[in-house]
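Notes follow once the structure below has been shown.
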Amino acid sequence: CTQSHSIQLYCIVYPRLARSTHYRDKTMPLLLLLLALLLPAAPEATPSALLGINYGRVGNNLPPTTSALQLLAGLGVGRVRLYDADPATLRSFANTGVELVVGVPDECLAAVSTPSGASSWVRSVIQPALPATKIAVLTVGNEVLTGANSSALTPSLLPAMQCIHDALVQLGLDKQVAVTTAHNLGVLATSYPPSSAYFRKDVLPVLCPILDFHARTGSPFLVNAYPYFAYAEDPAGVELEYALLEPGHGGVPDPSSGLRYPNMLVAQVDAVYHAIAAANRAAARAVEVRVSETGWPSAGDGNETGATPRNAARYNGNVMRLVGEGKGTPLRPDGALRVYMFALFNENMKPGPLSERNYGLFKPDGTPVYELSYRLPKDNATTSSGAGGTGSIAGSGGGPQNNGYYSISAPSAKANVPQGLVDMCGCPV
């Protein structure tokens, strides 16, 4: 990490898409106003609050972040993943106690892959938000190795991760803020049985040093895992109850390890653990796997099998139950599973099939898309005494990937953002 590069400061893309239309109207819908008055402040993430949610904003009808905070409070969720580092959004989370995973958009990777670029970005965007805004993790790009622009972006991925980490070290923030990236399950050459999983040979030259980076810095390996896509690809071969994480399912045995997998999500996580061990046994002992995205669509096109409100409610309710139990996976039973559900809102400007716009728990007006079958226990989070950062109630789509997995959040929505707005972000285009 020795090159130098000049950079403009704000690498932000998606929130401007929403603010360019709906955000000009400051009027809060009546329902959200009532929520703002009746619900407590947003919950504070604690070591036992292992469930988070993805807050994507690829829409032109979404409420302001300060209203979204009230929905988070109602859910009892104290961790949120953002896909960009919009300073206004970061300020909205100030003094709320909500712990953030903040994204560095793909468009910014080249700019922050140099020491000067990474230092400028961290000093101008991340450092000013701390400590009022709890930023715990920076995700450098999303599904870079399997995305449509992988050949162009991959060379910048590890340098960007390293340079951002070095910038945090220089400021004494590296113990507070971890640096990682999120991967699509398509990085696996095979995932079943979990004990036989291994990474694709073409991504190993990049993944091996990334695993070394994780082991050295203590940052987690993030994976976007969607049992829905495995079921939709082969509904005759994948039991719906297994994909939906239903607790009554008898489970599927791994004939090689002898472990029994009660649901597909934990099987996918353990497949990643086994792949890490096959690629870098030393790293496998030190690296934690976390689920950075998982969800189930409530609607889809005619050929999108299983995309219904009932299935979405069952899946997301079971995710909440699974994480709320604080258990690990069959391979790692002693380490509680950490998961970020996808997503808070339906996003009406995401490209692709109908399902892409129907992963949210809530409609843009704040009403639930469906009734969840499970509620988090009250001790999943504690209430913060802070309000919004201003003192008031204050990812993207893709086509098919390998192995039947698809990306629903890789930042390919750049084409939907007016060119002038992209230029305003300060990222090279």
Side-chain angles (χ1 to χ4, degrees), residues 1-3 5 11 81 83 85 100-106 108-119 121-122 126 135-147 150-188 197-225 269 271-293 332 335 338 340 410:
C1 191
T2 58
Q3 305 172 20
H5 192 281
C11 290
R81 181 187 176 199
Y83 289 89
L100 296 183
V101 175
V102 176
V104 181
D106 287 2
C108 299
L109 259 61
V112 297
S113 64
T114 65
S116 61
S119 179
W121 186 81
V122 170
I126 301 302
I135 301 173
V137 179
L138 298 177
T139 54
V140 181
N142 187 52
E143 301 186 347
V144 169
L145 300 184
T146 54
S150 60
S151 59
L153 295 173
T154 295
S156 298
L157 179 56
L158 182 57
M161 295 171 65
Q162 183 63 60
C163 288
I164 290 176
H165 173 74
D166 291 347
L168 293 168
V169 170
Q170 293 170 7
L171 296 173
L173 299 174
D174 57 303
K175 304 302 181 185
Q176 178 179 348
V177 183
V179 178
T180 184
T181 187
H183 302 282
N184 185 288
L185 272 182
V187 296
L188 298 179
Y198 59 93
F199 291 120
R200 287 167 25 195
K201 290 183 179 179
D202 62 309
V203 300
L204 276 177
V206 181
L207 272 178
C208 284
I210 286 177
L211 290 171
D212 287 334
F213 173 87
H214 288 314
R216 185 174 69 256
T217 65
S219 59
F221 187 100
L222 302 185
V223 61
N224 299 338
V269 172
V272 175
Y273 272 122
H274 280 290
I276 292 173
N280 188 326
R281 188 160 296 276
R285 293 192 291 267
V287 177
E288 177 191 3
V289 176
R290 298 181 187 177
V291 179
S292 43
E293 290 180 18
R332 299 286 183 95
R338 296 174 180 265
Y340 286 78

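By the side chain to side chain donor-acceptor pair (under 3.5 Å) test, Ser219 pairs with His214, Thr217, sequence neighbours left out. Ser156 meets the side chain to side chain donor-acceptor pair (under 3.5 Å) test with no other residue; sequence neighbours excluded. Under the ring pair (Phe, Tyr, Trp, His ring centres under 6.0 Å) criterion, Phe213 pairs with His165, sequence neighbours left out. Judged as a side chain to side chain donor-acceptor pair (under 3.5 Å), and not counting sequence neighbours, the contacts of Asn280 are Asp212. In this structure Thr139 satisfies the side chain to side chain donor-acceptor pair (under 3.5 Å) test with no other residue, sequence neighbours excluded.
Here the closest heavy-atom approach between residue Thr180 and residue Pro220 is recorded as OG1-O, 2.6 Å. Summarising the geometry of Ala271 relative to Ala197, their closest heavy-atom pair is O-CB, 3.2 Å, with the distance given to 0.1 Å. Closest approach of Val102 and Ile126 over heavy atoms only: CG1-CD1, 4.5 Å. Among all heavy-atom pairs drawn from Pro105 and Gly103, the shortest one is CD-O, 3.6 Å. Scanning both residues, Ala284 and Arg332, for their nearest heavy atoms gives O-NH2, 2.8 Å. Across every non-hydrogen atom of Val287 and Tyr273, the tightest pair is O-CE2, 3.5 Å.
Atom CG of residue Leu153 and atom CG of residue Asp106 lie 5.0 Å apart, to the nearest 0.5 angstrom. Here the CG-CG distance, from Leu158 to Leu109, works out to 10.5 Å after rounding to the nearest 0.5 Å. Of the inter-residue distances, the one linking Ile210 atom CD1 with Ile276 atom CD1 reads 11.0 Å to the nearest 0.5 angstrom. Residue Asn224 holds its CG atom at 9.5 Å from NE2 of His183, rounded to the nearest 0.5 Å. Taking CG of Leu168 as the reference point, atom CG of Leu138 lies at 6.0 Å (rounded to 0.5 Å). The distance from the CG atom of Asn142 to the CD atom of Glu293 is 5.5 Å, given to the nearest 0.5 Å.
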Working for side-chain contact (heavy atoms from CB on, under 4.5 Å), residues Thr146 and Arg200 | CA-CA 11 Å; Thr146 54; Arg200 287 167 25 195; 3.7 Å; yes
Kindly determine whether Tyr198 and Leu188 satisfy side-chain contact (heavy atoms from CB on, under 4.5 Å), including the steps that lead there.
-> CA-CA 6 Å; Tyr198 59 93; Leu188 298 179; over 6 Å; no
Can Val206 and Phe199 be said to form a side-chain contact (heavy atoms from CB on, under 4.5 Å), step by step?
-> CA-CA 11 Å; Val206 181; Phe199 291 120; over 6 Å; no
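By the 4.5 Å heavy-atom criterion applied to side chains, Ser113 and Cys163 are not counted as neighbours. Leu185 has its side chain within reach of Val272: a pair of non-hydrogen atoms, C-beta onward, lies under 4.5 Å apart. By the 4.5 Å heavy-atom criterion applied to side chains, Val104 and Trp121 are counted as neighbours.
The salt bridge (charged side-chain N to carboxylate O under 4.0 Å, His left out) contacts involving residues 271-290 comprise Glu288-Arg290, Glu288-Arg338, where partners must be two or more places apart or lie in separate chains.
Side-chain atoms of Asp166 and Gln162 form a donor-acceptor pair, as typed in the model, at a separation below 3.5 Å.
Between the Thr181 side chain and the Val140 main chain, a donor and an acceptor come within less than 3.5 Å of each other.
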